[in-house]
Amino acid sequence: MKFKAMTAIAALLLSVPAMSLADPDEDQLVLNGEMESVTETAAPAHLSDVLDTIYSGWRFRENETQALQMDDFDNPGMIFADLGLDQWNAVEGEEGKSCASCHDDVTESMKGVRAVYPKWNEAAGEVRTLAMQINDCRETNMQAEPYKYNSTQMTNMEALISVQSRGMPVNVAIDGPVQATWEAGKEMYYTRFGQLELSCANCHEDNYGNMIRADHLSQGQINGFPTYRLKNAKLNQTHDRFRGCIRDTRGHTFDVGSPEFVALELYVASRGNGLSVEGPSVRN
Amino acid sequence: MKFSVLTLAASLVATGAFAAEPVAPADVVYTDGAIEASLSGTAGNPEEGAKVFGSRAMGNCVACHEVTSLNSNFPGNVGPMLDGVGSRWNEAELRGIVANAKLMYEGTIMPAFYKVDGFTRPGNGYTGKAAETLEPILSAQQIEDVVAFLMTLKDE
């Protein structure tokens, strides 16, 4: 009896180095039992001097959280995508139009769109996030009030549009007209903000896999946005997450939709080039 | 025996002389990253120091460090485990590491707990708003307390 217990303890001790907490787990993300999602792939060339492999945040979550994202019936984020579909079909604004009036079937017209945002808009001469583009259509094409940048309605619409790219690789452009914005985002990523003097890279590049208090640090990728968080039981937008992470450095954060966060979003998105779009994902 | 009486006497004298006047963050003298003199003039209290170490609202050292005797829920592992750290470093060195670890470890992720300038967009605590006036994250006495706690972490 005693001997058996000892052996069991020894076996436990031995098994620790094989699979330490410091790693993303080995689980594979398959949606609804059919759609394979890339949660681990070679880092894009622009990261080659700092990372070999990029991982989706999904790989760092507990099994129960992971499971919620594997089936659309369990994924609370999908409810919000459905609300987004109601908004898609709703006529609003002076022009008497809905999104569907011009873009018809969202499953056709918005396929692949999420994967390449933020992207350059030639006519406006600016880098646009998906939220900016949605609001431009509301204002210019519908003569409707813009959504508040991180409102529920905006996030619902982003979820609906993201769903149409699920499983497709993130592929944002980083050169040409967006290059200066991308560089500005990169500089922010390595800036040590706040009284704690912490950069995004300190946590998400140098320490992913480690525990910061109870949190298992991921690479801080945004391929899963918008994300349904168990912590606040709602769908969360990229810029809200950025805001929270800078606030947690005891820092003076930036506003959602600010030029700084647009640049940061472009840069962070590009760090995930090659991972599958997962939005709306589930995180804790 | 004699030694501890002397230390006690010395710290009593120190208490009398400096208790009201902590050394301001800008006036701290570092020698190779260590700080010889007490920041508060009052000897640190290791029990208070353990609280500073574990509390999210104070040092939150446990976010990055584990100490076996504290038995904390979910300690982090971004920084090294601190069991035995009181045998690895002396008090002056530990005071320097806690006040501003960047001097001992260039570029370290460990925050400086007794510093009020040189920040990029410092906030008003964890509100996300801009800071108005900046206090160091820990007071002089809290630094002394946490150093006293670290000094109790000796190798068996």
Side-chain angles (χ1 to χ4, degrees), chain A residues 16-17 20-23 50 60 62 150 184 187-220 231 239-256 258-261 264 284, chain B residues 25 53-67 70-81 98-103 105-139 142:
Chain A
V16 170
S20 87
L21 255 183
D23 300 313
V50 290
F60 298 83
E62 300 287 341
N150 59 346
E187 194 175 321
M188 268 183 87
Y189 195 86
Y190 290 96
T191 298
R192 300 189 64 158
F193 288 110
Q195 200 173 4
L196 298 182
E197 297 177 277
L198 296 171
S199 70
C200 315
N202 284 142
C203 287
H204 293 300
E205 181 174 289
D206 303 337
N207 281 292
Y208 71 85
N210 284 332
M211 303 295 294
I212 192 150
R213 201 125 198 186
D215 289 316
H216 194 195
L217 280 169
S218 73
Q219 291 183 338
K231 184 178 168 179
H239 291 195
D240 274 324
R241 191 44 129 147
F242 291 173
R243 199 157 68 159
C245 277
I246 294 186
R247 181 199 59 214
D248 288 348
T249 68
R250 291 173 84 113
H252 175 203
T253 194
F254 298 88
D255 289 332
V256 297
S258 62
E260 289 85 358
F261 274 171
L264 186 61
N284 47 333
Chain B
F53 193 92
S55 152
R56 199 182 286 264
M58 294 192 267
N60 201 17
C61 317
V62 75
C64 294
H65 294 290
E66 182 171 0
V67 168
L70 278 185
N71 240 324
S72 349
N73 290 329
F74 309 116
N77 63 355
V78 165
M81 140 80 90
V98 179
N100 186 355
K102 322 271 180 206
L103 302 177
Y105 305 94
E106 204 191 327
T108 184
I109 187 175
M110 179 162 155
F113 290 90
Y114 203 63
K115 190 178 123 170
V116 288
D117 51 18
F119 303 121
T120 305
R121 294 177 71 92
N124 182 357
Y126 291 103
T127 62
K129 301 203 171 71
E132 280 148 26
T133 54
L134 267 190
E135 295 295 326
I137 301 170
L138 296 178
S139 70
Q142 286 173 324

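Lettering follows sequence order; numbering is per chain, from 1. Side chains included, hydrogens not; waters and symmetry mates left out as well; all remaining heavy atoms used.
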Show me the donor-acceptor pairs, under 3.5 Å and distance only, between side chains in residues 120-128 of chain B and residues at least two apart or in other chains.
{"unit_1": "B:Arg121", "atom_1": "NE", "unit_2": "A:His252", "atom_2": "O", "d": "2.9"}
{"unit_1": "B:Arg121", "atom_1": "NH2", "unit_2": "A:His252", "atom_2": "O", "d": "3.3"}
{"unit_1": "B:Arg121", "atom_1": "NH2", "unit_2": "A:Thr253", "atom_2": "O", "d": "2.8"}
{"unit_1": "B:Thr127", "atom_1": "OG1", "unit_2": "B:Asn124", "atom_2": "O", "d": "2.8"}
{"unit_1": "B:Thr127", "atom_1": "OG1", "unit_2": "B:Lys129", "atom_2": "N", "d": "3.1"}

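- Taking a 6.0 Å sphere around OH of A:Tyr190, one finds it holds more than 12 heavy atoms contributed by other residues, nucleotides or ligands.
- Using a 4.5 Å heavy-atom threshold, the side chains of A:Ile212 and B:Asn77 count as separate.
- Taking all atoms of both residues into account, the shortest heavy-atom contact from B:Phe119 to A:Gly194 is CD2-O, 3.7 Å.
- Residue B:Lys102 touches chain A through its side chain alone, counting heavy-atom pairs closer than 4.5 Å.
- Taking the salt bridge (Lys or Arg N to Asp or Glu O under 4.0 Å) definition, one finds that A:Arg241 meets it with nothing, sequence neighbours left out.
- Residues B:Thr108 and A:Arg192 share a closest heavy-atom pair of O-NH2, 2.8 Å.
- To the nearest 0.5 Å, atom CD1 of residue B:Ile137 and atom CG of residue A:Leu196 are 4.5 Å apart.
- We find the CZ-OG distance between A:Arg213 and B:Ser72 to be 7.0 Å, quoted to the nearest 0.5 Å.
- Put simply, the side chain of A:Asn202 never gets that close to the backbone of B:Ile109: no donor and acceptor are under 3.5 Å apart.
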